[in-house]
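These notes concern the structure reproduced below.
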Amino acid sequence: MLGDPASPLFWSINGAQPDERSLPDWCAYTGQDTQDAINWGWLNALHSDDQEQVRASWQKAVLARQPATFTCQIRHRSQGYQAFRVSNIPAFATLHALQGWFSFFLDEPAPPPLIDENWEIRLMHGMIYAQNVLGIFCLSLDGSILRVNERFCQLTGYAEAELLSLTLWQLTRPEDIELHLQAIRERLVSGHATQPFRIRYLRKDHTLTWVRITQLLVRQPTGEPHYFFCMVEDVNAQVQAEVERAELLASVQEAHIEALGRTLQLEAVFEAMTDGILVSDREGNIIQSNAAIYRILHLDKHPDFLQQPFARRLSQLKAVDENGQVVPPEEWPLARVLRGETLKRGREEDVHLYLPDGESIYVNHTGACMRDQNNQIIGAVLVIHDVNERHMLENRIQKSFRILLALAEELVDLPRRITQPLAAEQPTLTHPFQAASEYLAELTCQMLEYRGVSIALLDSDTAQMRLVALSGFSPEEQAFYYDTFSSTAPVDYLKESKISRLRENEVAIEEFHYHLDDPRPYKVLLAPMMIGGRLVGVLSVEKTELNATYTSEEFSLVKAIAKLILLVIERERIQREWIEAHTSELALREANRRFDEFLSIASHELRTPLAGIKGHIQLARRRLTALQSEQVAEIEDLSNKLDKIQEYLLQAEHRVNVQNRMISDLLDVSRIQANKLELRIGPCDLLQVVDDAIKDQQYNAPERVITLEAENQQPIMVQGDADRLGQVIHNYLTNALKYSPPERPVSVHVARNEREVRIAVQDQGPGLTPEEQKYVWERFYRVKGIPTLSGGQGLGLGLHICRTIIEAHEGTFGLESTPGQGSRFWFTLPLEHASTPVSEHPSRAQREQSAFPPA
Ligand code: ADP
């Protein structure tokens, strides 16, 4: 038993010594003096029989973390060993570090608690124990459980008998033992009642249970502490509620902080938004707005505008929709939203808004109503977007398009406007495209409302600019422009960087000083005119204001106009070239026509006298022949003279023949040109025609060798004009004889197959190059350097006539020749089919009608 209620109970095990503070109690109990206690310590004070048991008991207590209660004999200074019952409670500083021991000295054996004999008290006692609200147990001063009630058993999950074999420390959660001890000590030391406190007990099923414990120290009638009467209340639900409450509180606080943060954030966003926001109540009164709305609606000078009622506000505004209709009050966006409509950001929500300060802007609305839990509209949120910029941009773009379109339409008419004057009435123009350019410059100037427009073209040969058009400038400025831009290179007046930009097909802005008395520069916008990646000109525009700025749309527009102008100028150029080419072709045709006319007239004029001359020569020759034979044969001298005259007459006739042939050729060609070469088609024996032609030629040139090579002498029948076909063979033969040396023979080859006949005239003349071969069939073509070795000079018409005749007979023609080795001119004709009955041959009249059209 603890003798002194105020005695400390703590004993250190350090060095197995009682703690300094506990020495007096130790000495009082054991009957040792201080020195003995210090010298002997705990273990040495023990009887040797008990030492082992005590050690084992301590170890067990440490391991089990439970109090160890044992009986031992402790040395008395004068009376030998005395038996003590000791309860040692291990105290841990941390989970594993043993800090010391509490030791209770108990009398041996512990006396049972004394219960008052008074029946009333016993009755109350019994009632207290029997109640089922509070758990009750009695705790001996050494921590043993002396008595428990049913409720306590329920709380701990143990049976009564089990609890009575336990100490309180076995029931207490290890971490809470210190707290419990503290309470007990306080109670014992101070003697005052301790406040109820909460502690966790370990239930039998190892779960924890929260209890609130109130302990009363029951004293003996002598006043000594006897035992603790403990009342235990189940506070699990309370603790749980508290925990939940605390958690709830914490989360509420967290939510509150978060909500606050969000609100602040939203407010910041609301204020920072560039769109204006209005929050209204059900009547359209504004209950909240942001800063942007003041800017958009220009409300700086009307700060209380938004505080006014809806109708009053509307009376100071005017809205016009996309179709130019004034929006009635009931159709205002806020009114519509308050009726439950949701406004999405569509173009149809754009309105032109006339503001209280007299200005006007374009705005777009989005918005929705706010509803309460019963789905009743309680207000609206309206967002107002400033779309002024967009509208301005659209207007500018539309204007640009209108200008371009108008320009394009005007340009369609351009050729009519400028071609006429260009061709005849303005012969003094300095540049072929000047009229077109001037018109375009003027058009651009008027449509874009620029102060001045100029067009300069870059000459690719000289790399110099040539000013081709100016519009809108004063004479003084024009003079400046002409000085600056005519016949100068761009580098003379443009910075290299600006030229580079233009070459890269980018616009550039340059400053120019026009007025000598005004030092301020005009800002000129220069747009490149490019063809195939090459800079070929520059369109310059400038505004009336000195310090003008140009928008990006203007850049694009002026660039597009430059391109358009360039296209027109290019078209003009191509058209001009075409007209020139066309004109020369017309001139050629006219020349040909006149030439043909001339040919036919000339042929007639020449031929008629030639016929007369030839008639007279022939008459003279006949008379001379008669004279020679009849009268003067014997007169030798006269005869010689007459022979001479005969020879002259022969030569004269030959020349007349040559002249005649030339005139015939000319006439034929003019007939061909006038589509008037007529053929008399009929069955004709080509072999006969060839034979006749050879005989004719041989007659005229008896000294020449002309051979005929034919497979047989059978007639070769073709449908054709015998005279014209004879003309062809004549021409081939004449040329062969004419261009080859007299000693070289000329051969004619006739060959046929089932379908056609082929006639070829072979000579051993100079031959022709492939290039010459291409052209010999053309009119008036004569190969240079081929001399005429016999016969008269030709006009280069014979082969052209041959070709025309052969083609009119549906034949083919050609020439094989090697320079220096002679030529072989040939033609083919389809054979008249042997099986065709004679009756089927067309009549002469029919044949004449069906004459081949001339080529
Ligand atoms: P021309 O009356 O000048 O002979 P042609 O139309 O008959 O006119 O012939 C055209 C030209 O072709 C001749 O001027 C001559 O230069 C060349 N030519 C024609 N036939 C021959 C040939 N057999 N050998 C060489 N050159 C020829």
Side-chain angles (χ1 to χ4, degrees), residues 595-596 599 602-603 606-607 610 654-673 677 690 693-694 696-698 700-701 704-709 723-749 758-808 811-827 854-855:
F595 187 64
D596 291 343
L599 279 184
S603 303
L606 285 169
R607 205 162 198 191
L610 267 187
H654 180 66
R655 274 196 212 106
V656 167
N657 280 339
V658 169
Q659 292 277 320
N660 210 13
R661 195 171 60 80
M662 282 167 74
I663 289 164
S664 291
D665 282 356
L666 281 171
L667 271 176
D668 280 347
V669 166
S670 73
R671 280 194 195 105
I672 291 167
Q673 288 303 112
L677 184 74
V690 171
I694 292 173
D696 258 10
Q697 291 289 346
Q698 196 70 79
N700 288 331
R704 301 297 299 257
V705 177
I706 306 172
T707 56
L708 171 65
E709 290 178 26
D723 293 342
R724 288 295 183 188
L725 292 175
Q727 188 181 347
V728 173
I729 299 162
H730 259 287
N731 206 86
Y732 278 14
L733 274 171
T734 308
N735 283 352
L737 294 168
K738 199 160 64 169
Y739 298 115
S740 61
E743 67 280 7
R744 299 275 170 81
V746 169
S747 54
V748 180
H749 302 260
R758 181 183 165 102
I759 312 289
V761 176
Q762 173 81 51
D763 66 44
Q764 295 175 20
L768 294 163
T769 64
E771 182 71 8
E772 291 160 349
Q773 291 175 33
K774 266 198 274 178
Y775 295 108
V776 287
W777 306 94
E778 301 295 323
R779 264 186 324 165
F780 298 108
Y781 180 80
R782 307 196 72 251
V783 179
K784 280 187 192 141
I786 292 187
T788 309
L789 299 177
S790 58
Q793 188 80 20
L795 288 174
L797 294 174
L799 287 177
H800 178 71
I801 296 167
C802 292
R803 162 199 179 154
T804 310
I805 293 171
I806 297 162
E807 281 175 343
T812 60
F813 60 92
L815 147 71
E816 293 139 21
S817 180
T818 310
Q821 292 179 22
S823 308
R824 186 184 179 91
F825 284 82
W826 56 264
F827 70 90

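Counting starts at 1 for both ligands and their atoms, following the listed order.
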Test of proximity, [X] against ligand 1: N or O pairs below 3.5 Å:
| X | result |
| --- | --- |
| Phe825 | no |
| Tyr781 | no |
| His800 | no |
| Leu768 | no |
| Val783 | yes |
| Gly767 | no |

Side-chain touch [X]/[Y], heavy atoms, less than 4.5 angstrom:
| X | Y | value |
| --- | --- | --- |
| Val783 | Tyr775 | no |
| Glu778 | His800 | no |
| Leu768 | Ile786 | yes |

Salt bridge present between Arg704 and Asp763 (N-O < 4.0 angstrom): no
Counting each atom of ligand 1 from 1 as listed, which ones have a heavy atom of [X] under 4.0 Å away?
| X | value |
| --- | --- |
| Leu797 | 6 (O), 8 (O) |
| Lys738 | 1 (P), 2 (O), 4 (O) |
| Leu799 | 5 (P), 6 (O), 7 (O), 9 (O), 19 (C) |
| Asn731 | 7 (O) |

Mutual orientation of the aromatic rings belonging to Phe825 and Tyr732 [parallel < 30°, tilted 30-60°, perpendicular > 60°]: tilted
Gly765 near ligand 1 by a heavy-atom separation under 4.0 Å: no
Test item, Glu772 contacting ligand 1 (heavy atom, 4.0 angstrom): no
Identity of the nearest option to atom 23 (N) of ligand 1, non-hydrogen atoms only, from Ile786, Leu815, Asp763, Val776: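 Nearest heavy atom to atom 23 (N) of ligand 1 lies in Asp763.
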What's the shortest heavy-atom distance between [X] and [Y], and which atoms?
| X | Y | result |
| --- | --- | --- |
| Trp826 | Ala760 | CB-CB, 3.8 Å |
| Val761 | Ala736 | CG1-CB, 3.9 Å |
| Ser823 | Ser817 | OG-OG, 3.1 Å |

Check: Arg744 side chain, Gln764 main-chain N or O, donor-acceptor pair, under 3.5 Å: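 Between the backbone of Gln764 and the side chain of Arg744 there is a qualifying donor-acceptor contact (under 3.5 Å).
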